[in-house]
Amino acid sequence: MTPPDASHNRWSDLDRPPLNATALRRGLLRPDTLWASLEVVESTGSTNTDLAERARAGAVTEGAVLVAEEQTAGRGRLERSWTAPPRSGLFFSVYLEPGGIPVERWGWVPLLAGVAAATGLATSAGVDMSLKWPNDLLVAVAGEERKTGGILGEFAGDGIVVGLGINVSLRADELPAPTAGSLALAGAVSTDRETLLRAVLRSMEHWYGAWRAADGDAAASGLQAAYAAGCATLDRTVRAELPGGASLVGEAVAIDGDGRLILSTEDGLQQPVSAGDIVHLRGAAGGLT
Ligand SMILES: Nc1ncnc2c1ncn2[C@@H]1O[C@H](COP(=O)(O)OP(=O)(O)OP(=O)(O)O)[C@@H](O)[C@H]1O
Ligand SMILES: O=C(O)CCCC[C@@H]1SC[C@@H]2NC(=O)N[C@@H]21
């Protein structure tokens with residue numbers, strides 16, 4: 001006898017159960033907490049696009065969370081795409097309105113999301129997590145650094161939409177690129193997406209509260225130090241591929257108060273990098289391979 005869902009592969013329903021929005025709301029939406037609403041949609045183009053549209057229309061309040069089981073036009077930084085099979089990971093965006101905080105400090109919000117996601121996932125999935133500047137989430141798969149998550153922050157309306165894509169149960173044959181990984185491939189003790197999402201959102205609430213309480217000062221709130229402690233880019237020789245095509249090689253020596261990566265180059269200069277792609281090069285400074 002043929003089961004009614006024979007067209008699905010065996011992973012779709014057993015290993016990738018749907019999210020329970022009611023349970024998530026019960027655990028996260030409480031009076032006096034940051035998270036004000038949580039919606040789970042079956043499929044959409046991009047949760048960032050959707051929340052940004054709502055923010056521009058004034059149709060969303062701070063603390064809104066939009067989660068999709070599947071994205072058909074997921075977007076990454078630098079006009080790239082974000083692709084993953086339905087329910088293989090967490091694809092969600094949050095809307096934050098740090099009114100009163102000087103806008104030049106808002107650039108810390110996506111970095112804050114990276115610290116929160118890395119901390120929340122390390123605890124809930126039991127996997128060592130690190131950050132590649134600015135905010136890729138890295139895990140080790142068979143001793144190799146792999147990207148298991150990415151973060152896209154976009155100004156919209158009076159606030160900022162921060163979208164997170166986290167590869168949870170992706171198998172090796174499903175990876176969108178050789179550089180990608182997943183929590184499962186990194187040996188996660190749990191791949192329960194509700195547990196992971198709750199942990200990330202709670203950690204984000206903690207860091208956002210601390211950052212706001214310090215008036216957006218990343219040093220005073222401890223955020224700058226937490227970011228540096230989790231950042232795998234620091235103390236490495238890296239190549240920064242800058243917008244416009246130029247590139248810069250140097251040792252990553254610090255994250256400054258504006259969240260920029262400081263490279264110490266061969267000519268002895270300290271060059272701040274505020275946007276671009278970082279490639280971690282092997283070997284110590286001067287010993288590139
Ligand atoms: N789920 C994911 N996990 C990790 N990395 C991802 C994921 N989805 C997309 N990426 C990465 O994001 C980038 C997507 O960029 P882009 O849209 O330019 O695609 P591409 O595969 O690099 O090139 P193109 O689509 O132009 O052929 C790639 O580096 C890809 O590896
Ligand atoms: O690594 C990157 O370049 C950032 C990837 C961000 C992906 C997430 S998935 C949820 C949200 N919606 C999007 O379209 N993008 C972000």
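Counting starts at 1 for both ligands and their atoms, following the listed order. Position 1 is the first residue of the sequence; numbering continues from there. Predicted model only: the values in this text are computed from it and were never measured.
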salt_bridge([X], [Y]) N-O dist < 4.0 Å:
| X | Y | result |
| --- | --- | --- |
| Lys132 | Glu145 | no |
| Glu62 | Arg212 | yes |
| Glu39 | Arg54 | yes |
| Arg171 | Glu174 | yes |
| Glu205 | Arg30 | no |

Query - Sub-4.0 Å heavy-atom environment of ligand 1, residues by chain - result: Arg80, Ser81, Trp82, Thr83, Lys147, Asn167, Pro176, Ala177, Ala180
Query raised in the report: Quick one: CE on Met129 to CG on Leu121, what's the gap to the nearest 0.5 Å?
Result: 5.0 Å
Check ligand 2 for close polar pairs with the protein: N or O on both sides, less than 3.5 Å.
residue: ligand 2; atom: 1 (O); partner: Lys147; partner atom: NZ; Å: 2.6
residue: ligand 2; atom: 3 (O); partner: Arg77; partner atom: N; Å: 2.6
residue: ligand 2; atom: 12 (N); partner: Thr47; partner atom: OG1; Å: 3.2
residue: ligand 2; atom: 12 (N); partner: Gln71; partner atom: OE1; Å: 2.9
residue: ligand 2; atom: 14 (O); partner: Ser46; partner atom: OG; Å: 2.7
residue: ligand 2; atom: 14 (O); partner: Arg75; partner atom: N; Å: 2.7
residue: ligand 2; atom: 15 (N); partner: Arg75; partner atom: O; Å: 2.7

Query raised in the report: Do Thr265 and Asp267 have side-chain N/O donor and acceptor atoms under 3.5 Å apart?
Result: yes
Query raised in the report: Just by distance, with hydrogens left out, do Thr148 and Asn167 show a side-chain donor and acceptor under 3.5 Å apart?
Result: no
Query raised in the report: Around atom CG of Asp32, are there more than 12 heavy atoms of other residues, nucleotides or ligands at under 6.0 Å?
Result: no
